[in-house]
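Here is the naming used below: chain letters follow the sequence lines, and residue numbers restart at 1 for every chain.
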Amino acid sequence: MYALPYLLFLRLHRAAIDARRRDRTWRYLAWSAVAGVMAAALVAFTLVMTAALFAIGWWPLALVLVAWFVLPPLQPLVQRRVLVPLGAVRTAYWLGHTATMKDSAALGLVCAAWAHAGRPRPAGEAWIAARRDQRRPLGDAEIAVTALLAAARGDDDTARDLLRSLDRIVEAHAAVREVAGEWLACDAVARGAWDELAADALAARWPATSLVYLLEGIALRRAGAAISRADLIARWLLAPHRRATYALLAAAEPIAPAAPAAAETVESDGDEPVAPRERAAWPRAIATHLELVSSQASARSLAHAVRAWDLALADDAVRTWLARRALELDAPLGAVDRVLREVARAATDELAHVAEVATLAAPASRGPVGDALARRLRHGRLDALEQGFTRWAARRANTEARAPIDEWREWCALRAAYDTAVAAGGLELRRLAFPHAYTTGTQMAVWLWNARKEYALSHAISAWLLAEALAVGDTEAIELCTRNARLAVPTRTGTVKP
Amino acid sequence: MADTPLYVGIDLGTTNSAAAVFDGEQVSVVRNAQGATVTPSVVRVDKQGRVTVGTRARRFIEHDPANTATEFKRLMGTANGIEFPAAGATKKPEQLSAEILRALRQDIADQLGVAIERAVISVPALFELPQSAATSEAARLAGFARVELLQEPIASALAAGWRADDDGAGTWLVFDLGGGTFDASLLETRDGLLRVVGHDGDNFLGGRDFDWAITEHLASQLAVVPQRSNPAHAPALRALRLAAEDAKIELSRGERAQVALAQPLSIDGTDVEVDLELARATVERLCVPLVDRALDVCVRLMTANGLGPGRLAKIVLVGGPTVMPMVRARVAARLEAAIAEGHDPMTLVAQGAALYAATAGLDGRAPAAAPATGHQVWLQYPAVSADLTPHVVGKFVGADAPARVKLARSDGGWTSADASVAEDGTFLATVTLLPRRACTFEIICLAKAGERVPVSPPSLTIVQGLTIGDPPLSRTIGVALANGHVQVYLERGAPLPARRTFTHHTVETIAKGSRDSVLRIPIVQGELAQAHLCRLVGTLDLVGDTVKDTVPTGSPVEVTIELDRGGRLNARALVPAIDQVFEHVAHLLVPDAEPDALDAALRELRGQLAALRTDAFRHGLGQVIEKLDRLEARLAEAEADIDAAHGGDADAAQRARRALIDVDATMAEADLARKWPELDAAARQVAITASSTVGFHGTDAERSLLQEVLAAIDKARKDKDAAELERQMRLAQRLSSAAFNRTPEAWEWYFEDAASEVSKARDLPRAQRLVTDGKAAIGRGDTDELRRVVKALWQLLPDDSEARKRGFDSGVR
Amino acid sequence: MTGLAENPFFVLGATPAASRLELEREAQKLLGMLELGFAAAKTYETPLGPRERTAELVRAAIAALRDPYQRLVAELWARHAPPPRAAGLEPEPEPASPRVSLWPKPEARSPKPL
């Protein structure tokens, strides 16, 4: 009876928090205020009740009441201010349970991993990992926990990739994603990647904590969005870590966009600028090559280098010089051709390496180096993809199951490789790469769904295959993937009907 | 004597071993206790476990073969133990080699009065890592503190070049016909520097083959003919072979030789008397094909390096069989070059190894504790230099180094300018040598004030003469990749020691904590691009239960391979994603060659060969057929070796194994030549089918896409790009199958196919109901219903059925 | 050997016109200097900036230059390469805005966590 007002306040508090998670406008502040008032009311009500209970001598019940009623609204504060600095993994886990109703262990685990980041210890990591591995099938919390553990080891790249991969899984714990969003925002700020943060803000990709709301505001203002200083200050006042973020707030002014770089175009053979006469083909090839390998490579500089090599290798002056020099050095017959082949091979090797690192497509130059490079890049990329996908599917054939989180990481890595290769190779390469990825991917998705009951994981694969099938226009694949991707996905937060 | 460095070289041969010492001016061959320059590589272990080596052990080959081991060098690097039943002992090949080395070391000590701790040991040019490592191990067991390995042909050339009166400029051929292998090496000397230009060889050709040819000839003339494949005949054959060996040596000088055995041979319980006569002409007739085989290798090597006959400056002959006058004459005639005279073919390798020890600065004596008088200086200079004015660099140890240094030649003919000592105690000076002499230089250190201060060591010695760079790697080392190719790390000829790093990417995930999640990095050695044709010499395993975190597929792995001068391999893999280094290399021995496994491999290769031959005939590929004929001959030889292996000859088993690998490699090449026309024909067929199916049933988008694919197929066919062609064919097949699926017949076809496998269905009653439904649907002409039925049936069939039926990957239909 | 970064001529600090004997002498000197830890021998200049010189690199360089083929290849690369870039580390560009670490970090990565 007396608990009724408490339950009412608690419901309202949660409703306000949920509403704020969905919002990025001025209402965010309003919902925060409502949540704050509700939390205060909850605390005040509980304290009054406790005092009353003490007064009548029921102090054990008073203590239970304090623990039971005060902790849920205060959990975020205690977590951030007390448990993280202390690295109190287990307490954070149990306290995390109090802040949500459905599948509370998900947030508990994430809070534990967050607290672990405060004071990383091997025992803490092992404890969290063991709890994570007990949870099957795989959901977003397990991925987020794995990411936070990686971050605590200093492996930010893995953490970033894993948290970004949450986009692909249909199970969604809002509280879990809030933490994920905060890590990603903090990471972007630490790296100075404000553009990335602004893009996330515009897409409202994650439910925002008050810290994220502030950081996104700063990012948007820097990018030139209409965010007033007053708005920012309000966000700053609402957010934690005010001392640390003050410097960011102070520097949050729109950045004048850099002068747009000349649009890059890949030269066609026809309008190739004529080599300056005063510079012979060989020195020019060396100079363009050097320029390419010693600076940020672009499609244009790669095309230049390839063209320069093709001209240089066909240059008569070089052959003449080589023939004379071969005689001087007493090199056996056939040295000239062999040397030119060797140089072409070495140049192609280095160009291919540059193109791989900078994910560039092979330029359309038709010469020994151009052809070899195109062939190398294309086969290299496709071979790598096919090997990866084949090994993946081979595990299924041998029923070598891995832990769900490792299955997820493997799939994410394969997808990343696919995306990179396709980004560089264009639609043509995408069409060639898809059939193999599709065959193996479908087999894997079927196994994960039917035999291993990893519904969310399997769905993520099917959904991706469908998107790819649509992109390459493979009608058969579209049909099958549509059917697979439309299956309702059972998750801990309820069945998701895509 | 005590001040002069002693450089020791050892030729650890298959049948004979020798040692030589170089003192800076003269090379001398070490004589053993019997006064001979060569020591037979024979070890005997008697009942009491006493070990006898050399000539004394050789005497027992005939009477006590079970306890007398020969030719164990060929088993180096394998796990084969050699049993000595009398003593009940089993010894590894390296332990036996160690006995030989120990005996040679003792001979050197007896002759020179100095204990030797460091030496250069020669190894065959094509020794692989496990064999080299076993040789180093043998040296360690024999009490050597440090050894370097040098390839035999380089040693021979160095010895022959050192002796040459002129400056020896030009290209040389070293024709090394050893007991079991033949090596041909082209070397070039110029400006006093020796360089290996190229190498070729035949691992299955040697003096033994000469002996066997003669033995078999002798055996065929006996009343009862002994067989190599019958273990019971082994003693008779062994006795006959020893007699043949003696007769061969006799015939190097005389025209006829008598082959008579004191005891009759016991073959299948019959006593067979042996009293035969052998003519030189007969032996030559038997050996000519073998010599010609060696000469073919030489011509191939010369052609590969742009040299015609008559372009060689000299030919150096090495190895016992080259003593035969017929061999010398035939080699000189075919290669149109003079044979270098005045060399002892039996000890040339050891002499070269000793000369190389000088180049490498490997003084054989134990380093004496330096008496600490005056300033200590560390020196770096070439112990042997072709250059008349080499550099000497030095560094004074400790503070308060002298201000200046100069070097004075001991003959008083030359003194260097003052070299100033830098603040960190380092200095650099240039000295002038006398041609072809060992020059000793006194180190004169001057303090700031100009007074002379004592220094330790007080002098240094440099020999002027022919030099060679670092010992080259004999076989290419690399890492086998997931696609079956090899990433070369260190190419044949790379100077040792060497180290190389490459970045690879994983193709599977290493799951943390999972013991069965293993990422293997195989290290292979060999000259072929396909990994399975190279020898696996070690593996580096990244196991799930040792990784700090899961390593997803596609993660970079930096692999470093290191080789020292003794042929010891080290490798490590760094995984930057988890910042972890893996260093434990599982070193592999040369695999055992079980006769039964060899039989199976032989049968398989015969089968493949027959298939290839049929195919080559069908396509009229003349060159391929020729190649296959040669392979047939090699397989016949391998078969003889396998027979001998069944008779208990472990060495023959190894020979057979290597021969089979070689045949396999050649066959792979032939297979490639054959495969293209097949693939090309298949591509044409796919293009025709796809054009008609997509033309009739495809959408506009599919039709235009097919045009692009067909153009790409044409280009790939023109470029002969098999990988590209296969991918484009797959794409064409997918388009074709998508179009085909739109036709009603397609679903009828799929239905019939699925219905025929209905017995494999998981839910049989339901599957049977579906089949009934399907038949009804066909009767009604209801394609949609038929489609539903077929898909439902696929769900019930085993998992891969659907994929297979739809021909996603394999292009079924 | 990679065309420019590990060109044998750059590794030995020699010009493509150097004679075989000069190259041998230089290599032998460098090996000695590296063995004794001479500071001057530890890096070499390339058009891509200074690189670390190791004994293995010197050995491989001189072995390559002994072979006429490989020498021709090395000459082709080195002959027209621009002069080696002077040593000196490039300064890290100033960050455009303050960077703040707001998430607890392991100590090795972030010496001053907030």
Side-chain angles (χ1 to χ4, degrees), chain B residues 188 190-198 305-306 359 361 377-397 422-430 462 467-473 490-491 493-501 560-565 579, chain C residues 1-3 5-9 11-14 17-44 51-74 105-110:
Chain B
E188 178 203 71
R190 189 191 297 193
D191 305 334
L193 290 162
L194 184 67
R195 182 174 77 87
V196 183
V197 176
N305 288 284
T359 306
V377 64
W378 290 340
L379 294 169
Q380 284 288 319
Y381 56 91
V384 180
S385 169
D387 184 1
L388 283 164
T389 54
H391 290 298
V392 172
V393 292
K395 185 174 191 178
F396 285 96
V397 187
E423 270 181 22
D424 58 352
T426 58
F427 69 89
L428 172 69
T430 307
I462 301 180
T467 61
I468 178 140
D470 301 293
L473 176 63
L490 300 165
E491 270 187 83
L496 296 181
R499 181 175 51 205
R500 201 86 199 269
T501 302
T560 303
I561 290 185
E562 245 176 5
L563 273 177
D564 70 5
R565 286 182 182 230
D579 198 20
Chain C
M1 236 189 215
T2 325
E6 292 182 4
N7 190 294
F9 288 108
V11 171
L12 297 184
S19 73
R20 187 165 159 180
L21 217 50
E22 284 168 347
L23 293 169
E24 294 283 346
R25 195 178 296 159
E26 199 56 33
Q28 175 253 317
K29 182 182 89 183
L30 284 170
L31 285 173
M33 289 168 83
L34 283 168
E35 185 70 27
L36 295 183
F38 278 48
K42 281 181 181 156
T43 55
Y44 65 95
R51 300 269 165 153
E52 188 196 348
R53 185 189 272 135
T54 61
E56 281 89 4
L57 266 180
V58 175
R59 287 176 204 282
I62 189 64
L65 293 181
R66 282 182 194 132
D67 179 356
Y69 284 123
Q70 293 189 51
R71 173 161 182 161
L72 275 172
V73 173
K105 291 268 167 187
E107 280 167 20
R109 294 284 172 111
S110 159

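Residues passing the salt bridge (charged side-chain N to carboxylate O under 4.0 Å, His left out) test with C:Arg20, sequence neighbours excluded: B:Glu188.
Between chain B and the options C:Gln28, C:Met33, C:Glu35, the largest number of non-hydrogen pairs under 4.5 Å is found for C:Gln28. Listed options B:Leu193, B:Thr467, B:Asp424 were ranked by heavy-atom pairs under 4.5 angstrom with chain C; first place goes to B:Leu193.
Looking at B:Ala498, only its backbone comes within 4.5 Å of chain C, counting heavy atoms on both sides. The contact between B:Leu428 and chain C is made entirely by side chain atoms (from C-beta outward), counting heavy-atom distances below 4.5 Å.
Rounded to the nearest 0.5 angstrom, B:Arg195 CZ and C:Asp67 CG are separated by 4.5 Å.
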Report, one line per pair, each donor and acceptor closer than 3.5 Å where one atom sits in a side chain of residues 385-393 of chain B; sequence neighbours left out.
{"unit_1": "B:Ser385", "atom_1": "OG", "unit_2": "B:Asp387", "atom_2": "N", "d": "3.1"}
{"unit_1": "B:Ser385", "atom_1": "OG", "unit_2": "B:Asp387", "atom_2": "O", "d": "2.8"}
{"unit_1": "B:Asp387", "atom_1": "OD1", "unit_2": "B:Thr389", "atom_2": "N", "d": "3.0"}
{"unit_1": "B:Asp387", "atom_1": "OD1", "unit_2": "B:Thr389", "atom_2": "OG1", "d": "3.4"}
{"unit_1": "B:Asp387", "atom_1": "OD1", "unit_2": "C:Arg25", "atom_2": "NH2", "d": "3.0"}
{"unit_1": "B:Asp387", "atom_1": "OD2", "unit_2": "C:Arg25", "atom_2": "NE", "d": "2.5"}
{"unit_1": "B:Asp387", "atom_1": "OD2", "unit_2": "C:Arg25", "atom_2": "NH2", "d": "3.4"}
{"unit_1": "B:Thr389", "atom_1": "OG1", "unit_2": "C:Arg25", "atom_2": "NH2", "d": "3.0"}
{"unit_1": "B:His391", "atom_1": "ND1", "unit_2": "B:Thr430", "atom_2": "OG1", "d": "3.4"}

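Using a 4.0 Å cut-off between a side-chain N of Lys or Arg and a carboxylate O of Asp or Glu, C:Glu24 and C:Arg66 qualify as a salt bridge.
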